[in-house]
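In what follows, a single structure is set out as structure tokens and then discussed.
So you know, we letter chains A, B, ... as the sequences are listed, proteins then strands, and number each from 1. Hydrogens, waters and symmetry mates are skipped; everything else that's a heavy atom, side chains included, is used.
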Amino acid sequence: MEYNFPEIEKKWQLRWIADKTYKVAEDTSKPKYYVLDMFPYPSGVGLHVGHPLGYIASDIYSRYKHLNGFNVLHPMGYDAFGLPAEQYAIQTGQHPAITTEKNIKRYGEQLQILGLSYDTDRELCTSDPAYYKWTQWAFIRMFNSYYCYDEQQARPIEELIECFKQQGSIGLNVACGEEMNFTADEWNAKSEKEQQEILLNYRIAYKGDTMVNWSPDLGTVLANDEVSEGLSIRGGFPVVQKVMSQWCLRVSAYAQRLLDGLDMIEWTDSLKEMQRNWIGRSEGAEMLFKVKDADVNIEIFTTRADTIFGVTFMVLAPESDYVQLLVKSEQKAEVDKYLEAVKRRTERERIADRKVTGVFTGSYAINPLSGIEIPIWISDYVLAGYGTGAIMAVPGHDSRDYDFAKHFSLPIVPLIEGCDISEESFDAKEGIMMNSPQPGKSIEGGLVLNGLSVQDAIAKTKQYIEEKGLGKVKVNYRLRDAIFSRQRYWGEPFPVYYKNDIPHMLDVSDLPLELPEVDKFLPTETGEPPLRRATKWAWDEQNREVVETSKIDNKTIFPLEFCTMPGFAGSSAYFLRYMDPHNNEALVSKKADAYWKNVDLYVGGTEHATGHLVYSRFWNKFLFDLGVASMDEPFQKLVNQGMIQGRSNFVYRVKGTNKYVSNGLKDDYATMEIHVDVNIVENDVLDVEKWRAWSPEYKDAELILEDGKYICGWAVEKMSKSYYNVVNPDDMVKKYGADTLRMYEMFLGPLEQAKPWDTKGIDGVHRFLRKFWRLFHDEKNEPNVSDEEANDKELKVLHKTIKKVQQDIETFSFNTAVSAFMICVNELGDLKCNKREMLEPLTILLSPFAPHICEELWEMLGHKDSVTKAKFPEFNEQYLVKNTFEYPVSFNGKMRFKKPLPLSLSPAEVEKEVLADENAVRWLEGKTPKKIIVVLGKIVNIVV
RNA sequence: GCCCGAGUGGUGGAAUUGGUAGACACGCAGGACUUAAAAUCCUGUGGACAGUAAUGUCCGUGCCGGUUCGAUUCCGGCCUCGGGUACCA
């Protein structure tokens with residue numbers, strides 16, 4: 001074999017390990033660059049060919065940066081806590097730690113054979129107590145912090161307590177669950193327990209009653225980003241809404257900073273947009289509606305303050321606290337019936353059938369601007385979790401209110417001149433106001449909006465209600481606090497014990513608090529989390545250690561928390577830990593953090609847009625506030641690699657027979673499509689022998705061939721075992737080598753685009769590497785490199801390639817970079833060029849893409865040091881400059897001829913040249929040119 | 001519904017700021033080398049029409065229109081597909 005990739009790749013992988021080639025340390029003499037992949041969850045099935053796409057891309061980029069003199073941090077680790085390992089544990093009884101370890105080992109091997117330049121000494125794993133110690137530590141710090149809006153940062157909770165002692169809560173501008181008003185005296189008079197309960201309303205990590213997504217099948221709560229269309233993302237189980245006391249993180253306090261920070265970072269617009277939508281900032285107004293004959297004011301939120309005169313009723317969310325206050329006795333039975341019906345419906349059912357439902361409370365509110373009485377209704381189209389859980393309904397200009405009004409025959413008032421609301425509401429924020437107030441229903445000296453544009457009316461109303469004290473301008477966010485408890489075993493234990501039902505934190509010096517052993521990984525019979533089963537899960541406050549559960553006396557020994565942290569806990573600050581992974585005194589040392597700062601390039605999939613990428617930005621901002629992280633934003637630049645889909649192959653069975661017809665002939669028969677393993681199909685041609693051996697049912701099958709071949713049909717589907725379309729990177733490496741696989745994955749198409757994996761074409765890349773190898777070798781495969789000087793023609797080829805490849809790498813256009821290499825090697829092959837002056841820079845240039853072969857050739861060229869220590873070649877513009885050019889000229893976009901002209905000519909001279917050219921004169925048919933268009937020294941057109 | 005993104009040969013995909021559309025690769029067809037195969041190399045390869053031929057002409061970047069000397073690229077409208085999100089007031 002002339003290009004012996006198995007031997008070469010093995011040799012260099014072992015040498016990289018032995019020499020610690022990719023080990024990095026802080027080095028202030030060099031600029032730093034931090035390249036990070038989103039670390040994988042090590043699942044049982046191993047990697048398929050789609051996973052390494054991003055890893056290869058980031059590896060190419062970090063190698064490229066390294067060649068350009070940067071000190072590159074490029075680590076890898078494992079996000080090891082999670083549901084699949086636990087589900088597997090429940091089924092088999094095997095401890096998730098064992099499964100996880102096994103899977104990690106397999107992942108490690110699969111990644112290693114790809115030749116990725118990770119500093120493996122920095123590898124981390126979120127389920128390792130030495131790592132999750134710092135997850136627990138951060139949680140304690142969040143518990144001991146509150147968020148101050150004036151300072152726009154997290155502050156120690158002691159400051160807030162001091163404030164309460166001195167002046168109470170009045171006038172404080174801090175993040176909290178619900179507004180509280182108490183004086184210093186009131187605070188000081190409260191018991192310790194009451195004070196602690198109040199503080200939970202302010203802590204950044206807090207325990208509170210919240211509406212949660214509860215999955216009965218999984219036996220746990222889920223965060224909003226773990227639920228889609230009323231089903232859990234993992235497993236697709238139904239989710240119901242339920243009020244539970246849970247640990248939460250006050251992510252909402254950071255909403256504005258999370259939004260503002262997006263302007264400072266280089267992410268794709270679509271990803272930023274997704275985050276903006278998720279955060280969902282909306283500017284509006286909060287207004288109070290007085291309830292008739294009751295001492296209650298209903299607070300509502302609206303973005304359409306201008307429509308205040310079109311309010312014909314109000315609606316409360318079924319879970320709203322106002323409901324019980326406002327239900328009149330004569331309506332009570334009906335309301336209770338409705339509330340009961342709503343409770344039974346899952347989130348999914350609510351979405352699936354959008355029937356208009358609701359019930360009248362019997363109470364009326366008074367429109368503060370018109371004085372008109374309006375009925376108060378209850379309906380599940382109003383959400384308790386957003387705004388105030390109550391709305392003013394404007395059926396003329398809100399489609400949901402419109403449907404409700406139509407269904408219950410409530411009045412509808414149009415407010416925009418010329419709008420047609422006979423069939424549907426007019427929701428657009430445009431037009432000129434009318435009916436504001438309605439004729440004959442104005443209040444003396446009240447607000448008048450008639451004749452104003454919608455935008456002006458919104459502004460005027462806001463100003464008016466603020467002046468009159470009827471409400472205030474308010475910004476609302478869709479972003480909810482993160483629910484941080486999971487009723488699960490395989491997660492980080494909370495460093496929390498309960499004393500008199502009040503949560504207390506362990507001391508930082510007591511960490512890590514390790515997961516206890518349990519007999520089963522299932523919830524208890526009474527539905528409590530698995531940790532309830534642990535026999536040793538109590539905290540001895542005096543000796544500061546975990547002791548037997550049976551010893552709990554609630555005097556010195558207390559119960560520990562039974563819930564564990566969710567999947568995103570461990571992945572929220574791992575990028576900081578890589579900077580200083582063995583530090584036992586801090587998450588990251590000041591020195592390491594000051595040097596590495598933040599991630600310069602983060603590569604991963606879009607599926608984390610609203611989960612991980614929100615949580616980790618929040619977490620990092622919190623640590624930034626503490627002074628632990630030096631950068632406000634953790635990920636400066638982010639590139640999303642597209643998903644690699646599977647490409648399935650089919651055979652076509654003629655119905656009711658054991659005959660199979662080739663794709664091109666299938667229309668002549670009634671057939672059914674059957675998946676066939678893509679690994680026994682090449683270029684859509686079925687390997688019949690392997691197929692017959694694949695399954696007994698095909699052993700004696702009759703085939704109807706075309707041109708002597710069986711051609712399979714194909715379709716793009718998810719890569720999945722059940723479609724038999726999973727392609728394993730190990731097999732590809734075995735067959736073609738890691739260098740070929742790396743380059744082929746890049747060649748497949750633009751990095752960010754989703755594309756199907758198709759093995760067709762990998763031969764082309766493999767062929768390229770063989771051609772590259774042959775440039776350095778003679779017919780007998782003996783090294784053969786000439787020391788002759790390169791000529792201009794060859795240097796032009798080289799410098800053209802350097803320029804193109806450099807540009808392409810910097811713009812993550814790796815597919816065209818691979819093309820540039822192919823063109824270059826083809827041209828050098830044509831020139832029969834084997835000159836060292838050419839081959840050395842080319843080897844360096846190619847080494848980020850195909851490191852193994854380049855190391856081998858580099859060594860062959862007589863270098864002792866690794867090619868990774870080389871310097872990226874500089875291109876010289878001088879070799880690219882042309883003295884003359886041969887550009888096409890077209891007349892009115894139709895006729896063309898080619899003419900070489902010196903570059904230095906002025907447009908007038910060009911015109912003269914053209915008229916002197918007999919071809920041109922012929923094409924011009926005697927007409928004189930009106931205009932000769934010369935762009936940047938080239939003729940692009942001649943207009944006659 | 002709303003918000004993004006994308007539609008180019010048989011296939012994956014190129015094309016800088018508006019300037020020769022289809023680079024590069026796959027596949028296919030033909031050829032060279034070989035006893036043969038593998039490997040390698042060479043030639044052709046968007047479509048239609050004309051020509052013995054070199055070649056030439058026309059049509060072609062989802063559809064319709066616009067701006068321009070010139071549009072895959074810019075503008076307006078529509079269609080299709082992919083992603084996100086949703087009773088968010």
Between B:rU20 and B:rA15 - C1' atom distance, rounded Å | 11 Å
Below 4.0 angstrom, N of the basic side chain to O of the carboxylate: do A:R276 and A:D263 qualify?
-> yes
Does A:R767 place a side-chain N or O at less than 4.0 Å from the phosphate oxygens OP1/OP2 of B:rC41?
-> no
Stem list, RNA chain B (Watson-Crick or G-U pairing under 3.5 Å, at least 3 consecutive pairs) | B:1-7 with B:79-85, B:10-12 with B:24-26, B:27-32 with B:40-45, B:46-50 with B:55-59, B:62-66 with B:74-78
Roughly how far apart, to the nearest Å, are B:rU67 and B:rU73 at atom P?
-> 15 Å
Atom C1', compared across B:rG7 and B:rU57: separation rounded to whole Å | 30 Å
B:rC49 and B:rG10: how far apart are their P atoms, nearest whole angstrom?
-> 16 Å
Quick one: which of B:rU85, B:rC41, B:rC42 gets closest to the side chain of A:T610?
-> B:rU85
Contacts of A:L271 and A:D763 projected onto RNA chain B by closest heavy atom; the upstream (5') one is A:L271
Do A:N476 and A:S282 get their side chains close enough for a donor-acceptor pair, meaning under 3.5 Å?
-> no
Looking only at side-chain N and O atoms, does A:R770 come under 4.0 Å of OP1 or OP2 in B:rU40?
-> yes
Short side-chain donor-acceptor distance under 3.5 Å, A:Q256 and A:Y477 | yes
Establish, yes or no, whether the cationic atom of A:R617 lies under 6.0 Å from the six-membered ring centre of A:W267 and within 45° of the ring axis.
-> yes
Of all the nucleotides listed (B:rA89, B:rG13, B:rC88), which has the minimum atom distance to the side chain of A:Q753?
-> B:rG13
Provide the distance between the two P atoms, one in B:rG62 and one in B:rU11, to the nearest whole Å.
-> 14 Å
C1' atom, B:rC58 versus B:rG5: distance in rounded Å?
-> 35 Å
Considering just the side-chain nitrogens and oxygens of A:R478, establish if one lies under 4.0 Å of OP1 or OP2 belonging to B:rA86.
-> yes
If you measure from the P atom in B:rG22 to the same atom in B:rA89, how many Å do you get, rounded?
-> 50 Å
Of the candidate nucleotides B:rC88, B:rA23, B:rA25, which contains the atom at the shortest distance from the side chain of A:I823?
-> B:rA23
Out of B:rA86, B:rC24, B:rA89, which has the shortest distance to the side chain of A:W278?
-> B:rA86
By nearest nucleotide on RNA chain B, pick out whichever of A:N277 and A:Q645 is the more 5' one.
-> A:N277
Going by distance alone, is a donor N or O of one side chain under 3.5 Å from an acceptor N or O of the other, for A:N640 and A:T606?
-> no
A:F404/A:F313 aromatic ring centres below 6.0 Å | yes
Respond yes when some side-chain nitrogen or oxygen of A:N826 is under 4.0 Å from OP1 or OP2 of B:rA25, and no when none is.
-> yes
Could you tell me whether the phosphate oxygens of B:rC88, OP1 or OP2, come under 4.0 Å of any side-chain nitrogen or oxygen in A:Y477?
-> no
Among B:rC24, B:rC88, B:rC87, find the nucleotide with the atom closest to the side chain of A:M822.
-> B:rC24
Looking only at side-chain N and O atoms, does A:R774 come under 4.0 Å of OP1 or OP2 in B:rC41?
-> yes
Flag for A:T816-A:S819: side-chain donor and acceptor within less than 3.5 Å | no
Electrostatic pair A:K780:A:D778 at N-O distance under 4.0 angstrom | no
Kindly state whether the ring of A:H766 and the ring of A:F5 have centres lying under 6.0 angstrom apart.
-> yes
State yes or no: are the ring centers of A:Y338 and A:W377 separated by less than 6.0 Å?
-> no
Return the residues of residues 805-819 of chain A meeting this criterion: a heavy atom under 4.0 Å from some atom of RNA chain B. Order them by number, or give none.
-> A:N815, A:T816, A:S819
What integer number of Å spans the P atoms of B:rC26 and B:rA39?
-> 13 Å
